[in-house]
Amino acid sequence: MREQQLQDVLRRIPAGVATLQGEALRFGFVNEAMQLVLGGPVQEGQPVAEHPGTIPPDLLEVMQQVFQSGRPYVAKAYCIPLPGADGEKPTPRYFDIALEPVREGDAPVSGLLLFAVDVTAQEESRQRAHQLSIETRRLDTRLRVLTETVPQITFTVDAAGKYEYVSPQWYYFTGQPPTADLNAIWPLLIHPDDRLRVLYQSDSARAAGIGWSYEYRLRRHDGQYRWLLSRALPELHAPDQAVFWHGALTEIHDQRELAEALRRGEAELRFLADSIPELIWTATAEGFIDYYNEYTAEYSGLTKEELGPTGWINLLDPSEQAGAARRWVQSIASGQPYEGLFRMRRHDGRYRWHIIRARQLADERGPRWFGACTDVDDQHRLREVLQTQYDELARTNRDLDTFVYTASHDLKQPVLNLRGLFDELRRTASFDDPQESQIVHMVDEALGQLDTTLQELAATVQDQRGLSAPVETLDLRSVADEVLLGLRAQVQESEAAVELDFSAAPTLIYGRANLRSILHNLFSNALKFADPARPLHLRVRSDLSATGQPLLTVQDNGLGMELPGHPAPIFQPFARQHPHIAGAGVGMYLVQRIVASRGGHLDVTSTVGQGTTFTVYWFEA
């Protein structure tokens, strides 16, 4: 009766129970829970080894060893895959297996008690916990590698302000040994001027359960204080209570120094802009003015608010505002520089001329405009006065040239008349004077000299008018041959030897009329002032100066001349060194004027009785 009751109890318990009898381990009592473990109904007296269920071979081997040894055995979380329904994969289940030998007294083992308790849920939870532990260690390792390799100091503090962790970068930065007491040494490394503020801000943030962000100076291993940015966020535990603060220290010393230098530079530039007596302003990319210097307010008599975003345009003369605004809009759209001459109203209502310039500067902050309004009223009015005077002088000069040319032209006829009357008088009249022939010669020479002077004067005015002739590329030999052709009679009469060499610089960019006049005067002077004791030898050569500019050398073996010892111009109008030779003394003066007007200069070396050398530097002043 009691055995039956025991079996009823064993059948209802959730654990699997079975009895195995004899050395063959034949099934005896098997409750329902154990039948589920074994994978189906069990026939009483059937050996365990012949059961087609799910008992793994290793468990069968252990059962036999327990029977033979008589020692009990317990296997924790033993996996027995239960067969799936309709060909599905077996489902792994975990059981605590207990094998207990059965014997009566000291008799040999007669069987085994098999217990199986399903612990699948606990084992799966344990395995998940194990995987989570592995993943947590992996993430912790990764986090530690990241925090120890980034160029920042990472730390963790608790609610009381004690440091739980600090990355190795802190020790590298401060030079402190790893054995240093962080909580004691850290505050001492903060700059004395920042220490109280930092401690207060961190305490306040921890008390409020919030993060913080502030800057302070921390002493580096070399004793230098460097600016750092400290940021931290709280780790909240239920119920929303901050337990730890995790943060990082980032060195911002260079950025702060750069920002301070930039701030000082901007302050200096603003001071400089306010000190300049010009209207200085800046504008946005859209063209709206966002800054005026102090002088703008002084000049206009308006505040920066009254000037507004288009202030300088409103200060212009009403007739110029529309055109200036259109040009400004075009510059804003195209990015091209802005420049114009306008009249701007001063605080007293007077309009003064200004040059308004603006340029666009594009950097990482985007495009901006920088402009200036420069007062040029005095220069503008002076230029108008000078232009008026220049026009009057030019008109006077033209009138004077016209007068001289007309006078010289109109005097030719009276001179011709005098020449005719004198010739007639000499032919028909006679004088009872022993000096008659000398007087007649003197009058004849005076008339000839007057006629020559009038011709030279007319030629001078004509050449003066040609100083502004257009330039062209000229062949020097061609022009020189043309001039010598006009002087052929004088060359043949003096039996002169002319030597031309233009190989070094065969061409010249010059005015044709100017070049012909220069060569004509230089060649004719050499023929005129030839030494009667020897044939004239005239050498003409082109060359290049040390700076690569063309030059011309004209050398003769004529009478020569005495040169002044002071740096004044060598040739003056109507100045002559050989009065016994006919001439007006204006030819070389004219050559000197032409060369100087084209940006060059004339050098002369001469020895009386040996000859003269003229060097024309065409473009070197």
Can you tell if the side chain of S300 reaches within under 4.5 Å of the side chain of L307, non-hydrogen atoms only?
-> yes
Compute the centroid of each ring, for H354 and then for Y299, and state whether the two points are separated by less than 6.0 Å.
-> yes
For the ring pair Y510 and W618, is the centre-to-centre distance below 6.0 Å?
-> yes
Salt-bridge contact D375-R352 (side-chain N to carboxylate O under 4.0 Å) | yes
How far does [atom1] of [X] sit from [atom2] of [Y], to the nearest 0.5 angstrom?
{"X": "C373", "Y": "M344", "atom1": "SG", "atom2": "CE", "result": "4.5 Å"}
{"X": "R512", "Y": "E482", "atom1": "CZ", "atom2": "CD", "result": "6.5 Å"}
{"X": "Q336", "Y": "Q330", "atom1": "CD", "atom2": "CD", "result": "11.0 Å"}

N/O donor-acceptor pair under 3.5 Å between S331 side chain and G335 backbone = no
What's the verdict on side chain to side chain contact (heavy atoms under 4.5 Å, CB included) for L536 and D531, showing C-alpha distance, side-chain angles and the deciding distance?
-> CA-CA 7 Å; L536 175 65; D531 193 330; over 6 Å; no
Identified salt bridge (Lys or Arg N to Asp or Glu O under 4.0 Å) counterpart of D377 within the set R346, R383, R350 = R350
Look at the rings of W369 and W328 and say which category their plane angle falls in: under 30° parallel, 30 to 60° tilted, over 60° perpendicular.
-> perpendicular
Six-ring centre of Y338, R327 cation under 6.0 angstrom, axis tolerance 45° = yes
Can you name the one residue among L551, V471, D475, L515 that meets side-chain contact (heavy atoms from CB on, under 4.5 Å) with L508?
-> L515
